[in-house]
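Since the structure comes first, as structure tokens, the remarks are kept for the end.
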Amino acid sequence: MIRVLLVDDQPLIRSGFRALLDIEGDIEVVAEAADGVEAVALAREHLPDVAMVDIQMPVADGLEATRRIAADPALADVHVVILTNYGMDEYVLEALRAGAAGFLVKDVQPEDFVHAVRVAARGDALLAPSVTRALIDHYVSQPSPADAPLGLAELTNREREAVALVARGMTNDQVAEAMVISVLTAKTHINRAMTKLHARDRAQLVVFAYESGLVAPRAPRRA
């Protein structure tokens, strides 16, 4: 059973999400929160597999809630998915850096919302290729950070290659095909890289790849 925490300051939206999930036999909504402080408290109380967290809330927003959940060792198995009205914006990017597993736009189709919960609970493929492309586009349009994160030297050449392919939006199957290895070996390279870089999920691997300079954003095409 996948245990879910719903976090949104609008009761109607929480009710809608709960209605979607309650009809699924393998998903249970264990708690609802209206702000980030309550979300962290309920996460500690219920230890959900997935927390679906609105980015904009009173008291403490989704970004702060994500930071607190990611920083708590007792909540290491809680996968935070950010919910936003605006798609890829600076707050979502900060949430990914803070430890969010990925994000969804609130007007997502019902079946995609349910699918995202299951994907987040598995802990893999947490950023769909379309989301990864949005993240890449952000880095193309923004100046590079002054301080690149450390850790690149810890990776083997094959692990670097796997991380770079993930950052290009490839799935595990596509990484395996590109590297001419089995899917299991590809997953092993990716998981080892995540461990060495202290990354909670693939989202943070993508952020690392660009901020470390392992992958350079492609320049926008000119008309």
Practice problem: Nearest 0.5 Å please: distance from the CG atom of L197 over to the CD atom of E154. | Solution: 8.5 Å
Quiz item: So does R158 have more than 12 non-hydrogen atoms from other groups sitting under 6.0 Å from CZ?
Solution: yes
Quiz item: Which heavy atom in P48 sits nearest to a heavy atom in V30, and how many Å separate them?
Solution: CB-CG2, 4.3 Å
Quiz item: Transitively linked via ILVMFWY side-chain contacts under 4.5 Å: L42 with V80?
Solution: yes
Quiz prompt | Distance in Å, M179 CE paired with T185 OG1, rounded so as to fall on 0.5 Å steps | solution = 9.0 Å
Self-check item: Heavy-atom pair with the smallest gap, counting every atom of N172 and I190
Solution: OD1-CD1, 3.3 Å
Exercise. Over all heavy atoms of both residues, which pair between I69 and L75 is shortest? Give the atoms and the distance, please.
Key: O-CB, 3.6 Å
Quiz item: Taking atom CD1 of I2 and atom CD1 of I27, what is their separation to the nearest 0.5 Å?
Solution: 5.0 Å
Self-check item: Common cluster, V40/V78, ILVMFWY with side-chain heavy-atom separation under 4.5 Å
Solution: yes
Quiz prompt | Steps toward side chain to side chain contact (heavy atoms under 4.5 Å, CB included) verdict (L5, H46) | solution = CA-CA 8 Å; L5 168 64; H46 295 279; over 6 Å; no
Quiz prompt | Q174 and L165: CA distance, side-chain angles, deciding distance, side chain to side chain contact (heavy atoms under 4.5 Å, CB included) verdict | solution = CA-CA 8 Å; Q174 292 169 332; L165 293 172; over 6 Å; no
Quiz prompt | Interatomic spacing from CD in E24 to CE in M1 - rounded to 0.5 Å | solution = 11.0 Å
Self-check item: Step-by-step side chain to side chain contact (heavy atoms under 4.5 Å, CB included) determination, R3 to D49
Solution: CA-CA 5 Å; R3 296 163 56 81; D49 301 299; 3.6 Å; yes
Quiz item: Looking at side-chain heavy atoms only, is the closest gap between L21 and V114 below 4.5 Å?
Solution: yes
Self-check item: Derivation of the side chain to side chain contact (heavy atoms under 4.5 Å, CB included) call for E177 and D173
Solution: CA-CA 6 Å; E177 182 178 357; D173 289 348; over 6 Å; no
Quiz item: Does a sphere of radius 6.0 Å around CG in D77 hold more than 12 heavy atoms from other residues, nucleotides or ligands, not counting ones at 6.0 Å or beyond?
Solution: no
Practice problem: Looking only at non-hydrogen atoms, find the nearest pair between H189 and E159 and report the distance. | Solution: O-CG, 3.8 Å
Quiz item: Taking side chain as C-beta onward, heavy atoms only, is F113 less than 4.5 Å from L83?
Solution: yes
Quiz item: Looking at R18 and L6, what are the two nearest heavy atoms and their distance?
Solution: N-CD1, 3.7 Å
Quiz item: Does one hydrophobic cluster hold both V59 and M52, with members joined at side-chain heavy-atom distances below 4.5 Å?
Solution: no
Quiz item: Once you round to the nearest 0.5 Å, how far does CD1 of I55 lie from OG1 of T66?
Solution: 6.0 Å
Quiz prompt | 4.5 Å side-chain heavy-atom contact, E64 and V37 | solution = no
Quiz item: What are the two closest heavy atoms between G62 and V53, and how far apart are they?
Solution: CA-CG1, 3.7 Å
Practice problem: Establish whether I82 and M57 are linked, either directly or via other cluster members, by ILVMFWY side-chain heavy-atom contacts under 4.5 Å. | Solution: yes
Practice problem: Starting at OG1 of T84, measure out to CG of D107 and round the result to the nearest 0.5 Å. | Solution: 10.0 Å
Self-check item: V183 with M170, same ILVMFWY side-chain cluster at under 4.5 Å
Solution: no
